[in-house]
Amino acid sequence: MPHARNALKSAFAVLCAAATPAFAEDNGYLIETVVEGLDTPWSIAFLPDRTMLVTERPGRLLKVGDDGATTAISGVPDVYAEGQGGLFDAVPHPDFENNKFLYLVYAGGDDKENATFTARARLEDDALQDLEVLFKVAPLKDTSYHFGGRLVFLPDGTMVITTGDGGAYKAASQKLDSLLGKTIRLNADGTIPDDNPFVGRDDARPEIYSYGHRNPQGLIYDAASDTIYLHEHGPRGGDEINIVQPGVNYGWPIATYGVDYSGAVISPYTEYEGTEQPLLHWTPSIAPSGMAIYTGEMFPNWRGDILSGALAGRHVRRVDIENGAVAGQEELFGELEARIREVREGPDGALYIATDEVDARVLRVSAE
């Protein structure tokens with residue numbers, strides 16, 4: 001089981017040939033446009049053959065060709081694309097090369113009853129086949145906010161999924177009979193692992209892995225330290241990076257470094273007995289979205305560091321991790337003057353980022 005520990009180039013012709021130079025700075029990197037004209041992209045993923053997949057929040061899943069052309073993949077389920085809802089993550093199974101399984105996380109339902117869904121399908125010939133819903137958050141909610149929406153696979157073959165608190169239902173994050181404001185751990189077929197922390201308890205949902213979360217939109221597994229990192233939006237202030245451990249309560253809303261958008265106090269506590277402190281919090285908020293941990297050779301000074309998109313901050317935030325602790329931070333790519341929705345390391349060691357707008361781009365950042 002993953003847990004926190006104390007110690008915490010090959011040629012790539014696909015996509016790069018089509019990239020259009022955007023900025024060439026004296027800071028040691030080059031930013032190029034891979035594809036443009038996207039409608040609110042949310043996630044980037046790479047298949048084993050290095051094909052790029054991009055989700056658009058209104059409900060499209062795109063394959064990006066080596067010339068920058070996009071192909072819409074058919075068979076995507078209907079999504080609830082209102083407010084913050086829509087199509088979120090698309091994650092290939094670790095054995096995708098053999099089983100062709102692709103996992104989607106999305107908002108489903110309508111204004112009166114909606115939830116975060118996770119589905120699995122086979123990707124064959126630019127179409128999703130045999131789509132099956134594996135998981136749906138309960139209870140259903142009547143708000144269009146705070147869905148979470150990230151998924152990551154762990155080395156034991158299980159997957160962790162983030163859910164939000166629904167905005168108006170923040171108290172549910174502390175309730176173990178609710179799946180709102182949680183991380184969820186499931187087997188790849190949607191069944192519940194026997195060793196989940198609340199299995200066997202009558203007062204708790206067995207799918208729950210951790211709780212006390214607000215709206216986690218960044219999730220990564222770091223193999224080098226066997227650590228799950230999660231970041232989540234705070235209210236006004238109090239964005240957090242957390243190290244996710246089974247059964248742990250991360251405090252929302254009884255402990256927070258943020259206040260309500262009106263300025264009202266949500267809780268008098270930034271720490272509370274029985275809850276875990278964040279590895280890092282951002283106050284004021286940067287609005288983190290998209291998350292990667294850099295492992296490549298292209299930027300050796302970034303290796304082992306967390307890279308997070310910043311929607312409000314309009315940059316990528318590099319968090320220097322040394323021996324499991326935060327050693328410093330750096331703002332990157334502010335020259336783009338764009339809200340950053342997604343950050344992903346590519347198979348070539350370059351960094352791929354998606355801007356957050358209705359006429360958005362996916363950009364490739366490489367060493368000059």
Side-chain angles (χ1 to χ4, degrees), residues 9-38 41-55 61-71 73 89-97 100 102 123 126 150 152-153 218-224 229 289-309 315-321 330 332-333 335-336 338 340-355 360-368:
K9 315 190 217 116
S10 57
F12 184 32
V14 175
L15 302 173
C16 300
T20 303
F23 297 89
E25 301 289 336
D26 295 330
N27 44 22
Y29 58 76
L30 177 69
I31 303 178
E32 305 165 289
T33 298
V34 174
V35 61
E36 56 190 353
L38 300 174
W42 211 91
S43 77
I44 297 169
F46 291 92
L47 300 178
D49 66 359
R50 300 184 172 188
T51 297
M52 179 191 286
L53 298 178
V54 178
T55 64
L61 174 62
L62 304 176
K63 183 174 74 173
V64 181
D66 57 4
D67 60 352
T70 59
T71 301
I73 293 171
D89 232 351
V91 179
H93 188 277
D95 194 28
F96 177 89
E97 201 161 13
K100 305 300 181 186
L102 188 71
L123 178 56
D126 298 335
R150 288 291 180 180
V152 70
F153 278 96
L219 184 69
I220 50 176
Y221 173 72
D222 176 34
Y229 290 102
S289 192
M291 191 181 195
I293 192 155
Y294 190 75
T295 63
E297 302 294 331
M298 189 175 289
F299 298 102
N301 291 338
W302 297 354
R303 199 173 301 126
D305 293 346
I306 291 172
L307 297 162
S308 170
H315 62 265
V316 170
R317 181 66 61 96
R318 181 175 74 91
V319 180
D320 183 11
I321 302 294
E330 179 184 13
L332 298 171
F333 320 132
E335 66 268 30
L336 294 171
I340 304 300
R341 167 58 68 180
E342 171 69 312
V343 183
R344 186 73 62 179
E345 181 184 342
D348 57 344
L351 198 66
Y352 291 80
I353 58 180
T355 63
R361 296 175 289 166
V362 170
L363 305 165
R364 178 179 183 265
V365 183
S366 60
E368 288 188 301

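Positions are given from 1 along the sequence.
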Are [X] and [Y] side-chain neighbours, meaning at least one heavy-atom pair lies under 4.5 Å?
X      : Y      : answer
Leu351 : Trp302 : yes
Trp42  : Arg341 : yes
Asp348 : Arg364 : yes
His315 : Phe333 : no
Leu102 : Ile73  : no
Val152 : Val91  : no

Residues that [X] engages under side chain to side chain donor-acceptor pair (under 3.5 Å), provided they are two or more places apart:
X      : value
Thr295 : Glu345
Arg318 : Asp305, Glu330
Asn301 : none

What distance separates [X] [atom1] from [Y] [atom2], expressed to the nearest 0.5 Å?
X      : Y      : atom1 : atom2 : result
Thr71  : Asp126 : OG1   : CG    : 5.5 Å
Leu123 : Thr51  : CG    : OG1   : 9.0 Å
Asp222 : Tyr229 : CG    : OH    : 5.5 Å

Note to self: One pair to check against side-chain contact (heavy atoms from CB on, under 4.5 Å): Glu342 and Ile353. What are the steps and the verdict?
What the structure shows: CA-CA 5 Å; Glu342 171 69 312; Ile353 58 180; over 6 Å; no
Taking side chain to side chain contact (heavy atoms under 4.5 Å, CB included) as the definition, give me every residue that meets it alongside [X], ordered by chain and number, with sequence neighbours left out.
X      : answer
Ala367 : Met298, Phe299
Ala360 : Leu38, Pro41, Thr355, Glu357
Glu97  : Pro48

Please report the shortest heavy-atom distance between [X] and [Y], naming the atom on each side.
X      : Y      : result
Ser366 : Glu32  : OG-OE1, 4.0 Å
Ser43  : Asp89  : CB-OD1, 3.4 Å
Gly309 : Val343 : N-CG2, 3.4 Å
Phe46  : Gly346 : CE1-CA, 3.7 Å
Leu61  : Ala90  : CD1-CB, 4.0 Å
Leu363 : Ile31  : CB-CG2, 4.0 Å

Check: With Asp95, which residues qualify under salt bridge (Lys or Arg N to Asp or Glu O under 4.0 Å), at least two apart?
Finding: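 None.
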Next item on the list: Tell me, please, which residues at least two apart from Arg317 pass salt bridge (Lys or Arg N to Asp or Glu O under 4.0 Å).
Entry: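 Expected list: Glu331.
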Notebook entry, point to check: How far apart are the C-alpha atoms of Arg303 and Tyr294, what are their side-chain angles, what is the distance that settles it, and do they pass the side-chain hydrogen bond (donor to acceptor under 3.5 Å, both in side chains) test?
Noted result: CA-CA 5 Å; Arg303 199 173 301 126; Tyr294 190 75; over 6 Å; no
Notebook entry, point to check: Quick one: does Arg150's side chain have a donor or acceptor within less than 3.5 Å of a partner on Leu219's backbone?
Noted result: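 No: the side chain of Arg150 does not pair with the backbone of Leu219.
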Item checked: Test log, rule side-chain contact (heavy atoms from CB on, under 4.5 Å), inputs Leu332 and Leu307 -> CA-CA 9 Å; Leu332 298 171; Leu307 297 162; 4.2 Å; yes
Note to self: Taking ring pair (Phe, Tyr, Trp, His ring centres under 6.0 Å) as the definition, give me every residue that meets it alongside Phe153, ordered by chain and number, with sequence neighbours left out.
What the structure shows: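 For Phe153 the ring pair (Phe, Tyr, Trp, His ring centres under 6.0 Å) partners, ignoring immediate neighbours, are His93, Tyr103.
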